[in-house]
Amino acid sequence: MSIIVQKYGGTSVADVERIKNVAGRLCRTHEQGHRVLAVVSAMGDSTDRLLKMAHEISAEPPERELDMLFSTGERISVALLAMAIHELGHEAISLSGAQAGIHTTTTHTKARITDIDTRRLSEALDGGKIVLVAGFQGISPDEDITTLGRGGSDTTAVALAGALGAESCEIYTDVEGVYSADPNLVKEARKLNAVSYEEMLEMAATGAEVLMLRSVEYAQKYGIPLRVRSSFSDDPGTLVKEEDEQMEKAVVSAITHTEDESKLTLLRVPDKPGIAATVFGALSEAEVNVDMIIQNVSEQGTTDISFTVIQDELPAAQQALDRICDELGTAYIIGEQMGKVSIVGAGMKSYPGVAAKMFRTLADNDINIEMISTSSIKVSCVIERAQVEQAVKALHAAFGLGDD
Ligand code: ADP
Ligand code: ASP
Ligand code: MG
């Protein structure tokens, strides 16, 4: 009997009525003769609320305790969902990440799954139970509770689908699939029927939070097709899978954006070997993820280096730079209110002039580009945060992505 993995995001289980709705969906899938495993997120914005409480107590809460705290959110959801399923006359069992056999690294708040012991899951599925696993968490080699980073329930679902050899993995969320831009920002955004892993990776990496980046990496690595769909409708949603001949290779498929970038510029650093290694070595030791990097042309033996980090990691980046700036004889400036807008499309590879059209569109809207980076299927521009919304809408229209 085939196994189906379904993941329900926070909005899909935001209140008791919605939990009952999800229970109904799971029972129907079970009645169709499948073995069913669901991965569930914390109710509504409860992870944000837990984080807010932690920060009301401490500016820098210990990360081990943050993980203990966060993990409770998804445990509430699975326990309530199990009760709702019992009410509908089916058998269900809720499990924390640790109980589900999800082993991770020790890096609290952004742990990675290292292996999954599926014994308990398989036993419960074989016994006819609907299995409910608390998303976004696992257990470290020290037997501490860990979490996988924001949006991590997507990764739990895809990893479990892979480990169990599931027939399908469905990601239920609050929109009907993957769109040509964030549908909550661009009302003309069009739902995409199919997206390749390659495009989805770029989209997730540049801000389309509908799927966590790591979940897409996993899906691609293990060849697991993902269906992204709404828990409030029967629309088939968007299939994310290996690129094939039938997929329309749009030059530009989607516009993505982020509004939480900060830009740091190191001024007049000596232009000699080893400087970049020192700077980015210090940042990597501090576990800061650097996104875009630009080094300007050297003038009189010195050079400026700019890079971006997400705003949450700005304090850690500053601490790391404070340690090395004296030694390097340099200082840095910060641009806090930055954002990023990107165009993504598999057809871009063989189509010149796409980047030029993006830059022209931004210029026509009086939007200054501060940094640019490209890959073979993506162009990203760092711009002022206040102009991100305008930029996304203008690019969406310029590339003709809307519903006609
Ligand atoms: P969940 O709680 O179900 O995991 P998320 O909030 O993490 O849901 O992801 C869904 C949200 O992603 C949508 O509400 C939408 O605002 C946002 N989003 C951003 N870009 C896109 C896109 N290109 N397509 C669909 N949704 C997107
Ligand atoms: N509840 C976690 C978060 O809000 C994990 C998830 O929803 O995927 O990030
Ligand atoms: Mg999510």
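- At distances below 3.5 Å, at least one donor-acceptor pair connects side-chain atoms of Q99 with backbone N or O atoms of S96.
- Side chain to side chain, T303 and N296 fail the donor-acceptor criterion of an N or O pair below 3.5 Å.
- Within the 4.5 Å cutoff, side-chain heavy atoms of V228 are placed close to those of V210.
- For the residue pair E261/T258, the side-chain donor-acceptor check at 3.5 Å is satisfied.
- The pair K241-D244 meets the salt-bridge criterion, with a side-chain N (NZ, NE, NH1 or NH2) lying under 4.0 Å from an Asp/Glu carboxylate O.
- A donor-acceptor pair shorter than 3.5 Å cannot be found between the side chains of T146 and H108.
- Counting only N and O atoms by type, the side chains of H396 and S180 include a donor and acceptor under 3.5 Å apart.
- A salt bridge links E56 and K52; the closest N-O separation between the charged side-chain nitrogens and carboxylate oxygens is under 4.0 Å.
- Under 3.5 Å, the side chains of S2 and E167 contain a donor-acceptor pair of N or O atoms.
- Around CZ of R385, the count of heavy atoms belonging to other residues, nucleotides or ligands within 6.0 Å exceeds 12.
- In this structure, a donor-acceptor pair under 3.5 Å is absent between the side chains of H257 and E389.
- Remark: K378 does not engage E198 in a salt bridge, criterion side-chain N to carboxylate O under 4.0 Å.
- In terms of modelled atom types and a separation under 3.5 Å, the side chain of S77 and the main chain of S41 share a donor-acceptor contact.
- Side chain to side chain, T155 and S215 fail the donor-acceptor criterion of an N or O pair below 3.5 Å.
- In the model, S375 has a side-chain atom that pairs as donor or acceptor with a side-chain atom of E202 under 3.5 Å.
- The environment of CZ in R112 is sparse: at most 12 heavy-atom neighbours from other residues, nucleotides or ligands sit within 6.0 Å.
- K20 and E17 are joined by a salt bridge, as a carboxylate oxygen and a charged side-chain nitrogen come within less than 4.0 angstrom of each other.
- Atom CD of E31 sits in a crowded spot, with more than 12 heavy atoms from other residues, nucleotides or ligands closer than 6.0 Å.
- Annotation: side chain of T47 is in contact with side chain of E74 (closest heavy-atom distance under 4.5 Å).
- Between the side chain of T308 and the backbone N or O of M292 there is at least one donor-acceptor pair closer than 3.5 Å.
- Put simply, the side chain of S140 never gets that close to the backbone of T106: no donor and acceptor are under 3.5 Å apart.
- The pair D67-K110 does not meet the salt-bridge criterion, since no charged nitrogen lies less than 4.0 angstrom from a carboxylate oxygen.
- No side-chain donor-acceptor contact under 3.5 Å links Y218 to the backbone of T156.
- The side-chain tip of K357 points at the ring of F399 from less than 6.0 angstrom away and within 45° of straight on.
- Side chain of S58 to backbone of A54: no donor-acceptor contact under 3.5 angstrom is found.
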Show the numbers, then the answer: is there a side-chain hydrogen bond (donor to acceptor under 3.5 Å, both in side chains) between E336 and S262? CA-CA 4 Å; E336 271 192 55; S262 296; 5.4 Å; no
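- A donor-acceptor pair is defined here as one N or O able to donate and one able to accept, closer than 3.5 Å; no such pair exists between the side chain of R64 and the backbone of D144.
- Residues L266 and V279 meet the side-chain proximity criterion, which asks for heavy atoms closer than 4.5 Å.
- With hydrogens and angles ignored, the 3.5 Å screen pairs no side-chain donor or acceptor of N365 with any backbone N or O of I367.
- In this pair, Y8 and Y172 present their aromatic rings parallel. The plane angle is below 30°, not in the 30 to 60° band.
- Side-chain N or O atoms of T147 include none that pairs as donor or acceptor with a backbone N or O of Q137 at under 3.5 Å.
- The closest donor-acceptor contact from the side chain of T11 to the backbone of D174 lies at 3.5 Å or more, if one exists at all.
- For the residue pair S253/E199, the side-chain donor-acceptor check at 3.5 Å is satisfied.
- By the 4.0 Å N-to-carboxylate-O rule, E176 lies too far from R229 to be salt-bridged with it.
- Checked for salt-bridge contact, D291 and K340 meet the test: a charged N lies under 4.0 Å from a carboxylate O.
- Counting non-hydrogen atoms of other residues, nucleotides and ligands closer than 6.0 Å to CZ of R268 gives a total of 12 or fewer.
- I113 places a side-chain heavy atom less than 4.5 Å from the side chain of I102.
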